[in-house]
Trainee: 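This structure is in structure tokens; I'll ask about it shortly.
All chains are named by letter (A, B, ...) in the order of the sequence lines, taking the proteins before the strands, and each is independently numbered beginning at 1.
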Number of protein chains: 2
Amino acid sequence: MLPPVIQNLDDIHQALQSLPGGDADTANKAAEREPQLTKPPGSLGRLEDISQWLCRWQGRHPPTMGAPRAQIFAGNHGVVKQGVSAYPAEVTAQMVANFEAGGGAVNQLCNAFGVGFTIDALALDRPTEDFTNAPAMTESECVDAFVFGMGTVVDGTDVLCLGEMGIGNTTSAAALSMALYGGEAQEWTGTGTGVQGPALDRKTAVVAKAVACHTGATSEPLQILCRLGGRELAAIAGAVLAARYRGVPVLLYGYVSTAAAAPLEAACPGALDHCRAGHVSTEPGHRRLLDKLGMTPLLDLNMRLGEASGAVLAVAILRGAVACHNGMATFAKAAVSGKRD
Amino acid sequence: MLPPVIQNLDDIHQALQSLPGGDADTANKAAEREPQLTKPPGSLGRLEDISQWLCRWQGRHPPTMGAPRAQIFAGNHGVVKQGVSAYPAEVTAQMVANFEAGGGAVNQLCNAFGVGFTIDALALDRPTEDFTNAPAMTESECVDAFVFGMGTVVDGTDVLCLGEMGIGNTTSAAALSMALYGGEAQEWTGTGTGVQGPALDRKTAVVAKAVACHTGATSEPLQILCRLGGRELAAIAGAVLAARYRGVPVLLYGYVSTAAAAPLEAACPGALDHCRAGHVSTEPGHRRLLDKLGMTPLLDLNMRLGEASGAVLAVAILRGAVACHNGMATFAKAAVSGKRD
């Protein structure tokens, strides 16, 4: 289904009110096939659940995993001037070039697993405002990035891995999460690219100040995204919404990507039902955020890289699930005795 | 290096005393490359550790992951007559035929991930003795199976996934683990293929009785393997030993495979340093056993199938680690600014 035209935040709210609910019939077909396969019932654990989830959101049975894609968005953040990152702001553009040249971790993972890859840089020469004293983006800037993200989602994608690159953006993720879900800044703020000690204290104070600056003005989740997000976060949110309409399941990875999608769920519970967490980051705020969203990550390998890397790695798990579901023999066909009553 | 000739349990003990220690130089080469790659230090988490572990045990840098193999052993267990399984004993042979025809879960996973596959059935027409009142195997039977397992390991394998099929063998795994590490039978006994309620109580009582029957006679780990193991478990132990000599890292999956390898570690601490746990089973005894062995599983997806399935799935994680380690650009080559001091 084509997603609706979005021109402002109200349009996004309207789109959230008419989200497709997934195809329960195809999910049921997957559920009915499982007990016929030559294994004890339930013994493939989450792989069985993955097959049903893919069927529901792809809208077909058997599920397919031949055409996964990774989409990365990059943005720059005015808050970097507050000294929140271990790396200088120019690294965002340098890493975009590195991705374009195929040198990033996510490039290697996409090559290894046959996952299509696109990187889009969003106005890197115009960082967002420093959100400790002003909204990061105007509503118009946020909607532009959101619509750009929507436009990157194409029909026929079996699963979409969403990720980001942006020096300073774990500060944005922490502020956004705290503004949506409450709690203390130190519960949401982590090392990011590697800040420690006094630098981490400074980052935590920046998060607290930013949240205090904006949550008096609004508690509306999409307004929060404008004020505390960034262009790459708004683009991720847009891609998540468009994927729902286009029948594309989504794998999120990383604190930033998950925080970017969270305002949709906060505005409309169930809006992320077509999304799974590929990996939980070592950023403590990410685990906390996944708990708030009711998401259990597929992988937990102590990664904290972003770039959709943990989502692309989880594509292998999805591919294993689909291979088992589609290819295994049935008890009847293999002449294997079933379970005793 | 060729493994030594094994003719009896003493020979195995001798082989354990002269295990190759892995190649620290190649592991160091991997460790030295990591901080040069275009990512924050440590941000690939366990993927970085995997690369170093593979280098140490493959004895080369860069590590390779082009030729992984899965080796499954099948055996039948006399203890099945005690009613410990939800499936009849003939399912072992039926599932062997299913694997040979390519219909099992592990076949689909091997196809999906390009992993070589071999299934070997060990004297299915001669189940082990019922170990509630006699040793499961004579020393000679156990050594024969061990040597058979050793012979299946071939040079040039990048990683070896070990697994099993055998109705009744989670009862063997529970008894073996309890005999090696103590504790109560209910801590080590789980649902296996799906026993619940009174059937699970019966299985637990069988485990307690078996351990009581044999641990008075010996506490020597390899004797325990003879008395409470099975042919497929002895073969796995043999394959683990041969892999160490031949420079082949091992992925274990499942309660049974891990219990099969545990006597080597109990007899010689460090004997499993070339092994990793691919996945932790929902069998509570497996998690407990991994804790005793100091192994942190790579995956936790609620699977409990055996068949090396969780190890083959973890091959994808290893492949991702190797792809990143070998293929990523360095900071110098990509002209990306490094971390600020």
Trainee: Looking only at heavy atoms and a cut-off of under 4.5 Å, which of Ala101(A), Gly194(A), Gly306(A) has the most pairs with chain B?
Mentor: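 Maximum pair count with chain B is reached by Gly194(A).
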
Trainee: Is any side-chain heavy atom of Arg304(B) closer than 4.5 Å to one of Pro40(A)?
Mentor: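 Yes. Closest side-chain heavy atoms under 4.5 Å.
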
Trainee: Which residue pairs pass the salt bridge (Lys or Arg N to Asp or Glu O under 4.0 Å) test with at least one member in residues 158-170 of chain A, sequence neighbours excluded?
Mentor: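 Listed once each, the pairs are Arg60(A)-Asp158(A).
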
Trainee: Ser43(A) versus Met303(B): any side-chain heavy-atom pair under 4.5 Å?
Mentor: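 With C-beta onward as the side chain, the pair stays apart.
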
Trainee: What part of Phe99(A) lies closer than 4.5 angstrom to a heavy atom of chain B: side chain, backbone, both or neither?
Mentor: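 For Phe99(A), there is no contact with chain B at all, as no heavy atom is under 4.5 Å.
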
Trainee: Looking at chain A, which one of Pro88(B), Ala112(B), Gly192(B), Ser85(B) has the largest number of heavy-atom pairs inside 4.5 Å, strictly under?
Mentor: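 Ranked by heavy-atom pairs under 4.5 Å with chain A, first place is Pro88(B).
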
Trainee: Within a radius of less than 6.0 Å around CZ of Arg287(A), do more than 12 heavy atoms belonging to other residues, nucleotides or ligands occur?
Mentor: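 No, the 6.0 Å shell around CZ holds no more than 12 heavy atoms from other groups.
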
Trainee: Can you tell if the side chain of Leu44(B) reaches within under 4.5 Å of the side chain of Asn302(A), non-hydrogen atoms only?
Mentor: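 No, every pair of side-chain atoms sits at 4.5 Å or beyond.
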
Trainee: Could you tell me which of Val106(B), Leu109(B), Leu37(B) has the largest number of non-hydrogen atom pairs under 4.5 Å with chain A?
Mentor: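 Winner by heavy-atom pair count: Leu109(B).
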
Trainee: Can you name the side-chain contact (heavy atoms from CB on, under 4.5 Å) partners of Pro41(B), sequence neighbours left out?
Mentor: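 Testing Pro41(B) for side-chain contact (heavy atoms from CB on, under 4.5 Å), a comparison that skips the adjacent residues, returns Tyr87(A), Lys339(B).
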
Trainee: For atom CZ of Arg46(B), is the number of surrounding heavy atoms from other residues, nucleotides or ligands below 6.0 Å larger than 12?
Mentor: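 More than 12 heavy atoms, drawn from other residues, nucleotides or ligands, come within 6.0 Å of this atom.
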
Trainee: At under 4.5 Å between heavy atoms, what parts of residues 317-326 of chain A are in contact with chain B? List them by residue number.
Mentor: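 Residues of residues 317-326 of chain A touching chain B at under 4.5 Å: Ile317(A), Gly320(A), Ala323(A), Cys324(A).
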
Trainee: If we define contacts as heavy-atom pairs under 4.5 Å, which of Ala316(A), Gly104(A), Ala335(A) has the most with chain B?
Mentor: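 Ranked by contacts with chain B, first place is Ala316(A).
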
Trainee: When you look at Val336(A) and Val91(B), which way does the side-chain contact (heavy atoms from CB on, under 4.5 Å) test go after all the steps?
Mentor: CA-CA 6 Å; Val336(A) 172; Val91(B) 166; 4.1 Å; yes

Trainee: Kindly determine whether Leu299(B) and Leu298(A) satisfy side-chain contact (heavy atoms from CB on, under 4.5 Å), including the steps that lead there.
Mentor: CA-CA 8 Å; Leu299(B) 299 172; Leu298(A) 291 166; over 6 Å; no

Trainee: Apply side-chain contact (heavy atoms from CB on, under 4.5 Å) to Gln36(A) and list each qualifying residue two or more places apart in sequence or on a separate chain.
Mentor: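 If we apply the side-chain contact (heavy atoms from CB on, under 4.5 Å) test to Gln36(A), skipping adjacent residues, the hits are Thr330(A).
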
Trainee: Would you name the heavy atoms of Leu305(A) and Lys39(B) that are closest together and state the gap between them?
Mentor: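 Looking at all heavy atoms of both residues, the shortest contact is CD1-CB, 3.7 Å.
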
Trainee: Pick from Gly327(A), Gly102(A), Gly45(A), Ser337(A): which one has the most heavy-atom pairs with chain B under 4.5 Å?
Mentor: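 Top option by heavy-atom pairs under 4.5 Å: Ser337(A).
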
